[in-house]
Amino acid sequence: MTPKVHLEFTEKKIFADNIHFEQTGPYERLIGKAIYEIDPDDPQAQQIVDIDKAQINSKGLVEFYGDIDILKPVDIDRGNHRLLYDVNNRGSKTVLRNFNDAPASSDPLTVDHSGNGFLMRQGYTIVWSGWQGDILASKDHLSIELPEAYMNGQRIQGQIRSEFIADQEGVICLPLSGNINVRSYESVNLDTDQATLTRRKNESDPRLPVPSTDWQFSRASVNPQTGSLSVVPSNTDIYIPDGFSPGWIYELIYQAEGSRVMGLGMEAIRSLVSTLRYESHDASGTTNPLSGYIDNAYGFGSSLCARVLRQFVYDGFNVDEKGRKVFDGIYPHVSGGGRLFMNTRFAQVGRFPRQHEEHQWPSERYPFAYSETVDPFHKNKDSVLKRPDSDPLVIHTHTATEYWQRHASTGHIDPMTLTDLTIPENVRMYFLASAQHAGASGIGNISQEIPNTNATSPFMRACLTALDAWVSQGIAPPANKLPKRE
């Protein structure tokens with residue numbers, strides 16, 4: 001059964017004061033939501049964990065909905081007939097910052113938000129949509145409302161682990177997710193004796209127990225006018241009266257409920273892009289605003305979003321229910337060797353290992369490479385790309401950060417022999433030497449030392465242009481440029 005997508009656009013906004021971008025003309029944004037209906041018995045849906053435990057609607061389908069935002073030429077025929085899907089990063093739009101050197105914005109509308117105008121001058125139609133099921137709905141973040149999983153009519157329960165780090169003095173309360181923009185899994189009860197909280201200064205230090213009497217499942221806040229403290233019981237927050245020690249790693253293990261079918265986020269990307277690319281109308285008969293226009297579709301993702309693209313392809317989502325390619329090409333940027341640990345019960349999508357914390361989180365896991373390699377532990381063979389009929393062309397870029405912290409070398413080094421891998425012909429990988437993870441994007445100094453302001457955007461513009469020429473004209477990009485063992 002074909003997945004159903006219903007498009008509901010509620011706003012049309014003028015972009016960049018209606019200025020004309022050379023041959024393309026002015027741009028506009030179409031904003032609304034997409035409603036998805038998936039048959040839980042469809043063979044293509046069986047890989048989604050707990051799809052059989054989601055509630056169904058009157059048609060026997062699993063229904064969910066999420067934000068959609070399209071930035072397109074007003075006269076769409078003046079564009080380049082290319083769809084560029086920006087995998088948003090924890091609900092935040094990224095392509096205008098990465099390619100146009102524009103300031104970050106959740107609601108790009110002004111001339112400043114168009115930056116240098118590169119993507120507009122090229123004529124791209126940009127699509128954003130909610131995919132990450134634990135992002136809380138807000139005006140500042142794209143979100144998607146995925147169904148909760150139930151077993152025998154009851155909410156599923158399970159033990160989960162969360163890590164918290166306060167980066168300043170005076171922090172006494174945090175959401176159980178560790179992030180105010182991320183939905184917390186609810187604690188089954190408020191009895192701290194039924195949970196375990198530990199702390200340690202460094203990741204490899206022994207865990208020091210925090211007595212159950214020294215913390216609470218509560219939400220605490222201080223009135224800025226009076227200085228009075230308000231504390232109320234909460235199954236989604238942790239409160240430490242004496243405060244979190246800045247920089248220390250706090251680990252909470254507790255019994256939770258409220259698991260959602262997170263794997264549907266990948267299905268949402270596939271269904272939406274396929275509908276916008278190929279269908280004249282949505283499932284309700286509403287005209288597709290991109291109908292008959294898209295010749296090629298590309299997926300771009302940076303950091304977490306690059307891991308989304310690699311997982312999307314690895315899991316076989318790059319072919320729709322009619323056997324058509326979703327993305328002709330993908331551009332993962334600064335993923336390191338990682339994919340995404342999302343299609344699981346009680347998924348915590350945004351977590352990832354860093355220099356100081358989360359070293360046990362399975363962000364980087366076999367297979368790392370686009371080439372086939374042997375798993376050192378189980379001796380089976382696997383690769384990120386393994387479906388020649390539907391695999392996209394790939395351009396993948398790393399900065400120095402990924403080699404220092406995100407295991408980038410695992411993507412082109414054989415884990416058994418520690419020799420250089422032969423990179424597939426449909427992949428190009430480039431190392432942006434001396435650059436850092438966020439480039440010179442102006443997102444702020446989040447490191448101890450002064451950041452390197454080496455800009456990555458000129459190179460990224462060249463890579464996107466090369467990817468388009470590769471897909472549309474068969475012009476192969478330059479050879480791979482990577483550190484090698486030999």
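No experiment lies behind these values; they were computed from the predicted model shown.
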Just checking, any donor-acceptor pair under 3.5 angstrom between side chains of [X] and [Y]?
{"X": "Y185", "Y": "S162", "result": "no"}
{"X": "R406", "Y": "S363", "result": "yes"}
{"X": "T275", "Y": "E279", "result": "no"}
{"X": "D86", "Y": "T94", "result": "yes"}
{"X": "T286", "Y": "H6", "result": "no"}
{"X": "S302", "Y": "H333", "result": "no"}
{"X": "H396", "Y": "Y430", "result": "no"}
{"X": "T410", "Y": "H407", "result": "no"}

[Y] side chain reached by [X] side chain, heavy atoms, under 4.5 Å:
{"X": "W470", "Y": "R428", "answer": "yes"}
{"X": "P415", "Y": "T373", "answer": "yes"}
{"X": "V334", "Y": "T401", "answer": "no"}
{"X": "N116", "Y": "R461", "answer": "yes"}
{"X": "R90", "Y": "I135", "answer": "yes"}
{"X": "E22", "Y": "M120", "answer": "no"}

Between R339 (side chain) and F368 (backbone), is there a donor-acceptor pair under 3.5 Å?
-> no
Do any N or O atoms from the side chain of W131 and from the backbone of N88 form a donor-acceptor pair under 3.5 angstrom?
-> yes
Tell me whether the guanidinium CZ or amine NZ of K33 lies under 6.0 angstrom from the six-membered ring centre of Y65 and within 45° of its axis.
-> yes
Under the rule for ring-ring contact (aromatic ring centres under 6.0 Å, His included), what residues qualify as partners of [X], not counting sequence neighbours?
{"X": "F164", "result": "none"}
{"X": "Y36", "result": "F64"}
{"X": "Y403", "result": "H398, H412, F431"}
{"X": "F352", "result": "none"}

Write out all pairs satisfying salt bridge (charged side-chain N to carboxylate O under 4.0 Å, His left out) with one or both partners inside [range], taking only residues at least two apart or from two chains.
{"range": "residues 340-352", "value": "D50-R345, R351-E358"}
{"range": "residues 394-403", "value": "none"}
{"range": "residues 289-312", "value": "none"}

Are Y250 and F244 close enough that their ring centres sit under 6.0 Å apart?
-> yes
Residue pair [X] / [Y]: nearest heavy atoms and the distance that separates them:
{"X": "V384", "Y": "P367", "answer": "CG2-O, 3.9 Å"}
{"X": "D420", "Y": "K484", "answer": "OD1-CA, 3.5 Å"}
{"X": "L30", "Y": "P289", "answer": "CD1-CB, 3.8 Å"}
{"X": "A54", "Y": "V261", "answer": "CB-CG2, 4.0 Å"}
{"X": "V427", "Y": "L385", "answer": "CG2-CD1, 3.4 Å"}
{"X": "S472", "Y": "N296", "answer": "CB-OD1, 3.9 Å"}

Roughly how far, to the nearest 0.5 Å, is the CZ atom of R277 from the CG atom of N288?
-> 12.5 Å
If you measure from the Lys or Arg side-chain nitrogens to the Asp or Glu carboxylate oxygens, is any gap between [X] and [Y] under 4.0 Å?
{"X": "R82", "Y": "D468", "result": "yes"}
{"X": "E145", "Y": "R183", "result": "yes"}
{"X": "K72", "Y": "E28", "result": "yes"}
{"X": "D391", "Y": "K325", "result": "no"}
{"X": "K386", "Y": "E372", "result": "no"}

Just jot down the side chain to side chain donor-acceptor pair (under 3.5 Å) partners of [X], sequence neighbours excluded, or say none.
{"X": "S291", "result": "none"}
{"X": "R161", "result": "E163, E251"}
{"X": "D320", "result": "S274, R324"}
{"X": "D414", "result": "none"}

Would E357 and R200 count as a side-chain contact (heavy atoms from CB on, under 4.5 Å) if you check the C-alpha gap in whole Å, the side-chain angles of each, and the deciding distance to 0.1 Å?
-> CA-CA 10 Å; E357 70 266 28; R200 61 197 191 278; over 6 Å; no
Which word best sums up how the rings of H81 and Y293 line up, parallel for under 30°, tilted for 30 to 60°, or perpendicular for over 60°?
-> tilted
Would you sort out whether L142 and S129 count as a side-chain contact (heavy atoms from CB on, under 4.5 Å), showing the intermediate values?
-> CA-CA 6 Å; L142 294 155; S129 69; over 6 Å; no
Keeping to residues at least two apart or across chains, list the ring pair (Phe, Tyr, Trp, His ring centres under 6.0 Å) pairs with something in residues 299-326.
-> F99-F300, F300-Y331, F312-F317, F312-F327
Does the pair S457 and D101 meet the rule for a side-chain hydrogen bond (donor to acceptor under 3.5 Å, both in side chains), with working shown?
-> CA-CA 7 Å; S457 54; D101 295 319; 2.5 Å; yes
Given the rule in the salt bridge (Lys or Arg N to Asp or Glu O under 4.0 Å) test, do D107 and K139 qualify, once you have shown the distances and angles that lead to the verdict?
-> CA-CA 8 Å; D107 187 25; K139 63 180 181 61; over 6 Å; no
